[in-house]
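Reckoned from all heavy atoms, side chains included, excluding hydrogens, waters and symmetry mates. Lettering of chains follows the sequences in order, A, B, ..., and the numbering in each one begins at 1.
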Amino acid sequence: MLGHTDTGRVMIVDLSAEGERLADQVVDAGELPAVVAARAADHRWVWGDTGAWYPALLAAGVRVGRCRDLRLAHAILRGSAAVTESSALRTAREWDAAPVDAATDAGDDRPTLFDLTERPGVPDGIDAALAELARQRAAIASAREPGRLELLVAAESAGALIAAELRAAGLPWDAAVHDRLLRDVLGDRPAGGGQPALLAAAAARVRDALGDPAVSLDSQPQLLRSLHRAGVLVRSTSRWELAEHTHPVIEPLLEYKKLARLMSANGWAWLDEWVRDGRFRPVYVPAGVVTGRWASSGGGALQLPRLLRTAVRADPGWRLVVADVAQLEPRVLAAMARDTAMAEAARGRDLYAGVVASGAVATRDEAKIAVLGALYGATTGESGRLVPRLRRTFPRAMALVDAAAATGEDGGVVSTWLGRTSPRPGTGWRETQSRASDAEASEEDESRARRRARDRGRFTRNFVVQGTAAEWALCWLAGLRRRLDAMPPVAGAAGARASGPAFARIPHVAFFLHDEIIVHSPSEHADSVAQAVADAAAEAGRLLFGDFPIDFPLDLRIAEDAGKP
DNA sequence: CATGATAGCGCG
DNA sequence: AAAGCGCGCTATCATG
């Protein structure tokens, strides 16, 4: 375990498997990388916040095999319905703090004094860490199935390591390819900072078609008024609604919106700000989403347009291993519900084709709409119409999500497969519900309460599936990382130097997005990496669902860039 | 000038 | 205009 002493030095405490304190050692922060590197590769480090400890180690070229991130574990355990003894965790409020990102502390994005006082990190003292670990051990032990929470906390902690490593290594990004793509689509970059030629041309065509030379296309109210004057009676200016009208302005306007979006979200300004030395280094935020999915902060890492994936390019002599899971969430649902009919439909690459073969619906498109509607709680439209047919064919799977929705509507909490629990409803929600059950409640009160109850039901319905899919993905990542670490470093000084001292000679995860992984690997290891990605996926399925026969097929390829072939 | 809300669109 | 979940980011516009 790592923590600080009162004088700001670093204390290393060796703990037995039962959590007993065996030996202490105190070192200066500068000595820590060497001390950590000297431990066995599979040593488990316990620390308050991976983001506060690990970036400095990585910068020194030192990696760790395993860890317990006390902050992330605390958040899981104090909220988990599986934990029957959580009062101690609930009173340890100081562990509810926001993450610290030490990687940005060193840069020019240093948090201001205001940030630091408003968002303190978790305690960094050794005594606080020891006490928190003891609380967590007790909390896990109180669960009926401690193994699930153990697995979840371990996977979450491994994810924290990987998030820090992703930032340290970065995603290989070819700025020249990106620039060429921007110039092809938008026109040359204007020197003065104005609009590139093709964007300006699209804007001119729109103004022409509107007969409104002065309208600002980036102002929604102005554009809406101008559309109305031109006879296009839309209620919003969104792509979806515009596409349903026929008018000379529609085509150029949709074109303009597409180009303007590319320019503002991922144009040259983005390239200048986010790509350095051939790497895109966003901040990943493990468990940044209530369901346990990761969030990101800065650079929009989780929204990279597919159009730009060709700019993701391996270094010379390296390859990208690009993998994503086909229809992860419905597969997870089938396994959670032990729905063998749905698992049968999921056998093989295309779950939607399997749903058609089951006879539930007629076409693949219908299958997709029905399945998504089931996961999200659709009630109207084509999706709402198709969901009941799924309910007949896959009653167990549908019963699981229907029950989760009913619990949520009723104000209860639901949990993922491994035990992450949804937030309790807020005071506003509860007040709305109790007002509606009052004797003098108005019809307005009642309909508002019903609406908000259904909203919450859709959230809890999706929570169990999205959250369990996130758990599967964490296990996949962790298993892959372990396999990559077993591969020998490539010889020679050359390599992916921009990936930093810890990753210049070994295959490493370079990108992760819910159900998709990109590994940057020396060419000679690429085949083994691809095998490791597949093996880790199979292992993740077994870890969560044991022998239940559910496939998690991957789209897997080895390439020089991450663009769709 | 800063902050917050809204619209819109990108990703899964 | 999303029907139907979860996000982050940019631009605009109203408010302080």
Side-chain angles (χ1 to χ4, degrees), chain A residues 112 114 215-224 232-245 253-254 256-267 269-270 273-274 282-309 324-330 332-333 368-387 390 401 404-405 408 414 416 420 422-423 451 454-470 472-473 511-517 555 562:
Chain A
T112 64
F114 178 79
V215 63
S216 163
L217 304 183
D218 300 323
S219 164
Q220 191 262 2
Q222 277 190 51
L223 178 58
L224 194 59
V232 184
L233 301 180
V234 285
R235 292 173 53 221
S236 78
T237 65
S238 80
R239 197 153 46 77
W240 291 109
E241 192 175 359
L242 289 168
E244 299 202 335
H245 288 75
L253 181 52
L254 294 180
Y256 174 83
K257 279 171 162 277
K258 201 176 94 194
L259 300 188
R261 164 80 192 189
L262 177 63
M263 174 83 180
S264 68
N266 296 101
W270 182 90
E273 185 178 354
W274 288 102
V283 177
Y284 294 89
V285 187
V289 179
V290 280
T291 57
R293 273 188 174 184
W294 288 12
S296 71
S297 144
L302 274 42
Q303 308 131 251
L304 285 180
R306 304 216 69 106
L307 176 74
L308 284 183
R309 299 287 175 99
D324 63 87
V325 195
Q327 306 107 20
L328 175 57
E329 290 189 355
V332 160
L333 171 59
K368 190 170 180 175
I369 289 166
V371 167
L372 292 178
L375 298 179
Y376 297 157
T379 54
T380 65
E382 191 182 8
S383 192
R385 187 171 58 73
L386 290 169
V387 170
L390 238 42
V401 284
V414 296
T416 60
R420 192 187 311 263
S422 68
R451 197 168 56 243
R454 282 194 302 266
D455 289 347
R456 188 158 191 282
R458 287 193 302 276
F459 165 66
T460 51
R461 168 190 292 273
N462 187 244
F463 182 96
V464 295
V465 180
Q466 186 183 121
T468 303
W472 182 94
F511 189 66
F512 169 60
L513 178 54
H514 308 319
D515 62 0
E516 176 184 357
I517 284 176
D555 284 324

- line: Hits for side-chain hydrogen bond (donor to acceptor under 3.5 Å, both in side chains) against A/Thr416, two or more places apart or cross-chain, chain-then-number order -> A/Glu471
task: Please state the C1' separation for the pair B/dA7 and C/dA2 - nearest whole angstrom.
output: 14 Å
DNA chain C stem ranges, 3 or more consecutive Watson-Crick or G-U pairs under 3.5 angstrom: B:1-12 with C:5-16
message: Using the ring-ring contact (aromatic ring centres under 6.0 Å, His included) criterion, which residues pair with A/Phe511? Sequence neighbours excluded.
response: none
- prompt: Which nucleotides of nucleotides 4-14 of chain C have their base under 4.0 Å from a protein heavy atom (B), which only their sugar-phosphate (S), and which neither (-), written as one string 5' to 3'?
  reply: BBBSBSSSSS-
message: Considering only residues two or more places apart or on different chains, which pairs with a residue in residues 288-298 of chain A satisfy salt bridge (charged side-chain N to carboxylate O under 4.0 Å, His left out)?
response: A/Arg293-A/Glu329
Any residue meeting ring-ring contact (aromatic ring centres under 6.0 Å, His included) with A/Tyr256, in chain and number order, not counting sequence neighbours: none
task: For A/Arg456, enumerate each residue passing the side-chain hydrogen bond (donor to acceptor under 3.5 Å, both in side chains) test, keeping only those at least two apart in sequence or located in another chain.
output: none
field: Under the side-chain hydrogen bond (donor to acceptor under 3.5 Å, both in side chains) test, residues paired with A/Tyr284 that sit two or more places apart
entry: none
query: NA contact type, A/Lys257, heavy-atom cut-off 4.0 Å: base, sugar-phosphate, or nothing?
result: sugar-phosphate
query: What interatomic distance, in whole Å, is found between P of B/dT6 and the corresponding atom of C/dA3?
result: 16 Å
message: Under the rule for side-chain hydrogen bond (donor to acceptor under 3.5 Å, both in side chains), what residues qualify as partners of A/Glu516, not counting sequence neighbours?
response: A/Arg309
